[in-house]
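A quick write-up on the structure given underneath.
Scope of the values below: all heavy atoms of this structure, side chains included, with no hydrogens, waters or symmetry mates. All chains are named by letter (A, B, ...) in the order of the sequence lines, taking the proteins before the strands, and each is independently numbered beginning at 1.
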Number of protein chains: 4
Amino acid sequence: MAKKTPDTEIKARIYNAARRLFVEKGYYQTSIPDIVKEAGVSIGAIYHHFSSKEDLARVIHQDALAQFLDRYDRHVESVVRAEDKVRGFVRFMFEWADEDLIMVNYLLHGRPQEILEYNFTICSAEGLEAVKKIVVTGIEEGTFKKGDEVLMAAFISGPIMRLIELKTDGIITAPLSSLAEETAEYILAALKA
Amino acid sequence: MAKKTPDTEIKARIYNAARRLFVEKGYYQTSIPDIVKEAGVSIGAIYHHFSSKEDLARVIHQDALAQFLDRYDRHVESVVRAEDKVRGFVRFMFEWADEDLIMVNYLLHGRPQEILEYNFTICSAEGLEAVKKIVVTGIEEGTFKKGDEVLMAAFISGPIMRLIELKTDGIITAPLSSLAEETAEYILAALKA
Amino acid sequence: MAKKTPDTEIKARIYNAARRLFVEKGYYQTSIPDIVKEAGVSIGAIYHHFSSKEDLARVIHQDALAQFLDRYDRHVESVVRAEDKVRGFVRFMFEWADEDLIMVNYLLHGRPQEILEYNFTICSAEGLEAVKKIVVTGIEEGTFKKGDEVLMAAFISGPIMRLIELKTDGIITAPLSSLAEETAEYILAALKA
Amino acid sequence: MAKKTPDTEIKARIYNAARRLFVEKGYYQTSIPDIVKEAGVSIGAIYHHFSSKEDLARVIHQDALAQFLDRYDRHVESVVRAEDKVRGFVRFMFEWADEDLIMVNYLLHGRPQEILEYNFTICSAEGLEAVKKIVVTGIEEGTFKKGDEVLMAAFISGPIMRLIELKTDGIITAPLSSLAEETAEYILAALKA
DNA sequence: AATGAATGAGCTTTCATTCAT
DNA sequence: CATGAATGAAAGCTCATTCAT
């Protein structure tokens, strides 16, 4: 149940083709004709369902973001202890990547720069905030050392993103979720008081 | 002494303008007219000094790579203990980023996909190998825990790359080198037996 | 019924403008903007209907060739006596030139060198063969002298091509077909035993 | 002594490289960089010796034309009987082609259209005149039939040009001069009363 | 809803030519 | 004499987008 199901079959074909191509080749390297070929639809169909190429990217991005926030709420926000927040964060990101690697990559890398500006992304300053909140909780709890919060946050998001990249590049072949516990323990080893 | 000094003044202007724009806007989003404006040269001058836009990207990439390998040799290869390799790696990457953030970003993100194929990059499988060798040394020494080498390598490169990104985005304003010791200690805390 | 009628009006405008310009100025001296002006269409329209400038030239060439072969079949192949083959050949070339001088010139001179390679042309070795077959027939029949076949073939195609050139340059103003009988008789006078 | 010998060695290298390339690839398809490579000289050297690319073509053309006119004078003008004029014409064209095929082709096909306008060429109206004069002489003498002079002229220049083309394309491998007598006899057979 | 013909700005690259050295 | 760095107009082609059907 990873993907939002768009209203019509054709819309779904466009959506999925675009998502895949944006991640594989990059937003700017993907042309409308590319999407036409990949989705097997007409140019007109694309512009009937989406107002522009950028809009298409934005809709996908918003879906990806909504999924991220939903999972973040369930696995991080609603959890009390910082250690469990870290475990939850790692676990949901890896499970999500196993379910829908394209969507996770879309959130990390697949959209045009223009979208970055008016949207939260896990790579952006706002994305950092989400992770920083975990760090702050841990420090307040006394579980984590006192240290530079930004630097500490980089020890949560950095390895997670790097491992998702390695999975994407085919260097890691096992399901990422099988590495979740070990990854969380390394992060905690780095951060714990 | 970060930048290679190309032979002529105009060639240097082209080289530096291209480097900056490729990093800021991305290779594909940077047009030759953009470089013309930024460098204050003519189209013809660019094609006089470089055989194509891709060649320009390749030359920059090779310089960046040569610098990386040189620094890697001096701060990692020529050092014996795994702990010192980690410290050396963090320190040289952060010092390099402070000296020439554009070049470091170029190596990490600035080149066209086409170049990836026939070249080592720190993001690629080959780049991973360099980092994995540090991990292997540490395990053999008995300094590091026994664990998945790829995962452990992600705890070296992941936070480093993430912190360079945060510096690039202006979220970190202090010199990265002032964070080097602390960063290295976190990495070691994560990996040590 | 000289020209093939392409499917759409715009495609036909492109086709005819290109044909005319390729013959008048030469393939390489005709730019896409020239065709745009001459045909009164947009650049995009050209590339919508033809995949490249060379493709446009190739399509025209294939039409010209198909017409040549059709006429050759009807006026030369299906005729028995060598004398009548010569008369048929001269007549159909001159009638064709009167009907559609541009197309005949296109076949003779109007295409880029690249097309020459994978196609029969009246100027090429293969084109020569068609004419040589007439000569061989005449010799076997005993109507023509025994002589160098290539040289004799040059007495059929050489004057025909030269007269079409003179018509094209406006030096000959009368319809070429009015010269067909006389031309054929000169050729036969040269070749007959 | 077919070629004019330009003053300096470098000028000669440019001249010969240009001549060869203009014939092989066509004037417009030959770039100054092509000539630079072929001749092994600098761009500056070309512009030192010739004022422009077109000037280079014009100088070559004028040499070719001067040679043509000289040979025409010696083998056609200075000869009395029409039959001998034809024989002389064929012989000198074929001998010239055997000596310097590139130069003959240059006269026939190798120059830019711009030059055509203010110069005599064997293909042009003026070139036709030279050949027509032979025909007129023959008719006045009573040696040739009475007929359309232009048409009859096409029986002199057409086969000659066609045979030179066939030699250039490598279809004829024997020296053209070995075909001169036979060719002249065919022409005379076509034209004689 | 769906199609694809048509548009034209903008891209990378080539090339004849100039001129300081 | 000779060089080649520098110029910029113009080339072939791509692509997001519009709109009549």
Margin query: Tell me the interatomic distance from D:Phe50, atom CZ, to F:dA2, atom C1', rounded to whole angstroms.
Written below: 15 Å
Check: Who are the salt bridge (Lys or Arg N to Asp or Glu O under 4.0 Å) partners of A:Lys25, not counting sequence neighbours?
Finding: A:Asp34
Item checked: Partners passing side-chain contact (heavy atoms from CB on, under 4.5 Å) against A:His48 (at least two apart in sequence or in another chain) -> none
Notebook entry, point to check: Rounded to whole angstroms, how far apart are CD1 on D:Ile14 and P on E:dA16?
Noted result: 14 Å
Next item on the list: Using atom NZ of C:Lys11 as one end and atom P of E:dG4 as the other, report the distance to the nearest whole Å.
Entry: 15 Å
Checklist line | Pairwise salt bridge (charged side-chain N to carboxylate O under 4.0 Å, His left out) hits with a residue in residues 39-51 of chain D, at least two apart | finding: none
Next item on the list: To the nearest Å, give me how far apart CD (B:Gln29) and P (F:dC15) are.
Entry: 12 Å
Next item on the list: Decide yes or no on salt bridge (charged side-chain N to carboxylate O under 4.0 Å, His left out) for D:Asp100 and D:Arg19, but give the supporting numbers first.
Entry: CA-CA 11 Å; D:Asp100 193 353; D:Arg19 225 174 50 124; 2.9 Å; yes
Next item on the list: Could you say whether B:Val41 or C:Asp34 is positioned toward the 5' end of DNA chain F, judged by the nucleotide with the nearest heavy atom to each?
Entry: B:Val41
Item checked: B:His49 vs D:Ile46, nearer the 5' end of DNA chain F by closest nucleotide -> D:Ile46
Note to self: Between P on E:dG10 and CD1 on B:Ile35, what's the gap in Å once rounded to a whole number?
What the structure shows: 17 Å
Next item on the list: Answer yes or no: does a side-chain N or O of A:His48 lie under 4.0 Å from OP1 or OP2 of E:dA1?
Entry: yes
Checklist line | Range-with-range stems of DNA chain E (Watson-Crick or G-U pairs under 3.5 Å, three or more in a row) | finding: E:2-21 with F:2-21
Check: With B:Ser51, which residues qualify under side-chain contact (heavy atoms from CB on, under 4.5 Å), at least two apart?
Finding: B:Asp55
Item checked: D:Ile10 CD1 to F:dG4 C1', straight-line distance once rounded to whole Å -> 14 Å
Next item on the list: Sequence neighbours left out, what passes side-chain contact (heavy atoms from CB on, under 4.5 Å) with C:Val23? Give chain and number order.
Entry: C:Ile102, C:Asn105, C:Tyr106
Note to self: For residues 39-52 of chain D, which residue pairs pass the salt bridge (charged side-chain N to carboxylate O under 4.0 Å, His left out) check, not counting sequence neighbours?
What the structure shows: none
Check: Is it true that the NZ or CZ of D:Lys53 lies under 6.0 Å from the centre of D:Tyr27's six-membered ring and within 45 degrees of the ring axis?
Finding: yes
Item checked: Pairing residues for A:Ala18 by the side-chain contact (heavy atoms from CB on, under 4.5 Å) criterion, not counting sequence neighbours -> A:Phe22, A:Ile35, A:Leu56, A:Ile60
Next item on the list: Heavy atoms under 4.0 Å is the rule here; annotate nucleotides 16-21 of chain F 5' to 3' with B where the base is hit, S where only the sugar-phosphate is, and - elsewhere.
Entry: SBB---
